[in-house]
Amino acid sequence: MQQEMISGGEILIRALIEEGVKTIFGYPGGSIMPVFDVLYDYTRGEKKAFDHILVRHEQAATHAAEGYARVSGEVGVCIVTSGPGATNTLTGVADAMLDSTPIVVIAGQVGIGALGTDAFQEVDLVGVAQPISKWSYQIRRPEDVAWAVSRAFYIARSGRPGPVVLDFPKNAQVDMAEWKPQHVDFVRSYVPCPTPSEAAIASAAELINAAERPLALVGQGVELGNAHNELLEFIEKADIPAARTLLGLSALPTGHPLNVGMLGMHGNYAPNVKEQECDVLIAIGMRFSDRVTGLVSAYARQAKVIHLDIDRSEIDKNVKTDVAVVGDCKVTLPAITRLLKKDSHAEWRESFRPLYELEYEKVIRPAIHPADGPLLMGEVVNAVAEATGGEAVLVTDVGQNQMFASRYFKYNRKRSIVTSGGLGTMGFGLPAAIGATFGAPGRMVCLFMGDGGMQMSIQELGTIMEQQAPVKMVLLNNNYLGNVRQWQDMFFGGRQSFTKMMNPDYQKVAEAYAISYGVVTERADLEAEVAKMVASDGPYLLECAIKPEDNVLPMTPPGKAVDEMLLEITL
């Protein structure tokens with residue numbers, strides 16, 4: 001049989017097809033041009049296999065790939081050039097690493113013969129990406145392309161997901177090799193899904209069965225493991241109240257009777273207080289971030305801690321564990337559930353109610369139903385949440401807009417929140433929302449952002465314009481870097497150092513990009529303007545003039561225990 005000899009660039013494209021890739025986010029340049037030349041044929045005509053989305057900045061390509069991955073459950077892909085094109089992706093790579101998001105970044109590189117000569121747009125991408133990725137690798141020969149791509153996807157999507165970076169020198173793109181599809185499903189010394197210990201499962205069940213005040217902490221691991229049904233069976237059988245981390249908010253429906261709210265610095269008051277009163281704490285697919293634990297030395301000292309996680313390195317990293325159940329929660333949750341007795345903790349569950357009612361009266365009601373005064377972030381989020389009925393995908397930027405949106409949005413479906421958790425990347429929202437529209441084309445995507453975050457990636461309005469990506473953009477404009485301003489007011493004597501923003505005319509910006517625009521300056525207009533946005537086809541920018549001094553509450557101040565939350569601020 002005659003061998004089929006093709007270029008390394010075409011091998012790359014065919015290998016992506018083998019992995020089931022349908023959408024690529026990218027930006028061309030000199031060192032990746034041979035790949036884009038091949039891509040020309042595979043994005044049109046009889047050979048069409050992909051949609052290529054031309055972003056306006058390489059960092060946006062990674063965030064768009066993240067948004068795509070988070071809502072679809074697939075691996076997001078971006079292709080960029082060498083040098084600054086590659087280094088521009090690194091923030092997105094780090095973001096994906098901290099938030100366990102599976103993406104593959106493919107970057108051009110100068111030819112092998114020029115490596116180490118400080119050639120034009122040469123940078124040691126493997127070296128700089130290694131600490132912030134699951135795997136980084138340089139493909140030096142066309143014969144290695146198919147293997148490297150298959151290995152990259154296997155590592156990115158298996159176990160605890162994460163980003164992989166492939167550095168692709170130009171000679172390997174243009175040289176010829178035989179096309180042989182590859183399938184990698186094993187890497188020596190890499191154990192993506194550890195076999196759970198039966199003894200640990202039995203110990204966990206024993207602790208839960210004996211518990212009088214159990215509390216489950218639900219993280220993104222439930223979403224990543226597609227263990228939503230298994231979670232419900234677990235908490236319902238043992239009647240366990242469950243709180244959710246920021247990234248795990250849609251792992252449990254908002255209206256579920258065992259859902260007791262959001263954890264963390266700006267989470268709900270009741271679960272944060274009850275973490276300090278429970279006798280058994282069951283952490284499921286979460287990493288005990290400092291934003292969840294507050295002062296670690298004072299965190300849940302009274303409780304026996306059970307930690308379910310697929311990543312062994314998370315065990316005992318931040319919080320000492322009494323029972324560690326290492327494995328995929330889709331496997332470990334039902335294994336524990338089978339050993340649980342049918343239980344009831346009605347009195348314990350009821351003890352959450354007065355704390356919720358206190359928070360509702362002091363924080364929630366004034367935030368979403370203010371009597372008068374300027375427009376507030378909470379009421380805008382609540383209006384959009386009511387209009388979308390808990391069916392939309394929430395995407396946020398970072399800052400006050402992120403916390404208000406996460407707290408007051410409603411989640412009826414899985415994979416419904418896309419936000420930058422671990423890295424807290426301003427500018428994440430716009431490109432991530434674009435990616436989400438491609439990853440979940442049948443769902444409405446609602447993006448909340450502040451004026452600061454929007455201006456960090458405002459160029460991606462060009463991508464939205466070109467693709468007609470139907471993002472419903474809600475700009476919570478307070479003319480401040482609001483979160484930093486709040487901290488300055490609370491902890492730096494009100495010295496607002498460089499947090500006031502001068503903003504452009506966003507109506508003119510929207511008009512320049514041919515994007516429908518609405519504005520709310522008066523409370524009486526909010527409901528109608530939100531309804532107009534939700535009913536619109538295509539992209540829409542709704543600008544809301546927000547009270548400059550609007551603060552996110554409750555709040556656990558830095559260095560304090562989680563039950564030392566502030567329900568009001570006295571400045």
Side-chain angles (χ1 to χ4, degrees), residues 8-26 35 49-50 62 65-66 68-79 89 92-107 125-126 129-168 172 177-196 220-221 223-227 285 309-314 326-331 415 435 439:
E10 183 153 8
I11 293 174
L12 173 76
I13 298 303
R14 291 194 187 183
L16 293 176
I17 294 172
E18 289 287 320
E19 296 296 333
V21 175
K22 301 296 183 186
T23 305
I24 297 170
F25 304 93
V35 169
F50 308 102
T62 56
E66 287 184 274
Y68 179 94
R70 295 267 280 273
V71 299
S72 69
E74 303 296 330
V75 178
V77 178
C78 58
I79 303 178
T89 69
V93 172
D95 192 278
M97 188 67 176
L98 280 170
D99 286 351
S100 303
T101 305
I103 65 172
V104 172
V105 176
I106 300 159
L125 181 60
V126 171
Q130 196 166 20
I132 55 171
S133 62
K134 277 190 79 175
W135 184 51
S136 60
Y137 180 76
Q138 187 174 79
I139 309 172
R140 290 177 164 244
R141 307 184 310 153
E143 292 87 353
D144 298 331
V145 174
W147 167 84
V149 169
S150 183
R151 194 177 198 264
F153 275 75
Y154 171 64
I155 291 173
R157 64 162 62 103
S158 61
R160 180 180 182 174
V164 170
V165 176
L166 295 178
D167 193 38
F168 200 9
E178 182 183 0
W179 164 239
K180 290 182 180 178
Q182 299 287 317
H183 178 66
V184 175
D185 59 7
F186 171 78
V187 175
R188 189 178 64 182
S189 77
Y190 172 57
V191 182
C193 295
T195 302
Q220 190 190 198
E223 297 258 50
L224 298 174
N226 291 310
D309 207 285
I310 201 168
D311 186 353
R312 193 181 302 275
S313 70
E314 289 296 340
V326 182
D328 188 337
C329 62
K330 195 170 182 67
V331 175
R415 294 188 176 276

Minimum side-chain heavy-atom gap Phe186-Arg188 below 4.5 Å: yes

Side chain to side chain, Arg70 and Asp99, heavy atoms closer than 4.5 Å: yes

Exercise: identify the closest heavy-atom pair between Tyr137 and Val126: C-CG2, 3.8 Å

Over all atoms of both residues, closest heavy-atom pair of Ser100 and Gln220: CB-NE2, 4.5 Å

Val75 side chain near Glu19 side chain, heavy-atom distance below 4.5 Å: no

N/O donor-acceptor pair under 3.5 Å between Ser150 side chain and Val184 backbone: yes

Distance-minimising heavy-atom pair for Gly435 and Phe25: CA-CZ, 3.8 Å

Atom pair CG (Leu166) and CD1 (Ile106), whose distance is rounded to the nearest 0.5 Å: 5.5 Å

Side-chain touch Tyr68/Ile103, heavy atoms, less than 4.5 angstrom: no

Heavy-atom side-chain contact between Asp95 and Thr101 under 4.5 Å: no

Gap separating the CG atom of Asp309 from the CG atom of Asp328, nearest 0.5 angstrom: 10.5 Å

Euclidean distance, Leu224 CG relative to Arg157 CZ, rounded to 0.5 Å: 14.0 Å

Nearest atoms (heavy-atom pairs only) where Tyr154 meets Asp185: OH-O, 3.3 Å

Point-to-point distance, once rounded to the nearest 0.5 Å, from CG of Leu12 to CD1 of Ile139: 6.5 Å

Any Phe168 side-chain heavy atom under 4.5 Å of Val149 side chain: no

Where Glu223 and Arg415 come nearest, the two heavy atoms and their spacing: OE1-N, 2.9 Å

For Glu314, salt bridge (Lys or Arg N to Asp or Glu O under 4.0 Å) partners two or more places apart: Arg160, Lys317

Backbone of Asn226 reached by a side-chain donor or acceptor of Lys330 within 3.5 Å: yes

For Glu178, side-chain hydrogen bond (donor to acceptor under 3.5 Å, both in side chains) partners two or more places apart: Gln3

Residue pair Leu16 / Phe153, side-chain heavy-atom distance below 4.5 Å: yes

Contacts of type ring pair (Phe, Tyr, Trp, His ring centres under 6.0 Å), residue Trp179, not counting sequence neighbours: none

Residue pair Trp135 / Tyr190, side-chain heavy-atom distance below 4.5 Å: no

Check: Glu66 side chain, Ala96 main-chain N or O, donor-acceptor pair, under 3.5 Å: yes

Taking every non-hydrogen atom, the tightest pair across Ile11 and Pro142: CD1-O, 3.7 Å

Step-by-step side-chain contact (heavy atoms from CB on, under 4.5 Å) determination, Cys193 to Ile310: CA-CA 6 Å; Cys193 295; Ile310 201 168; 3.8 Å; yes

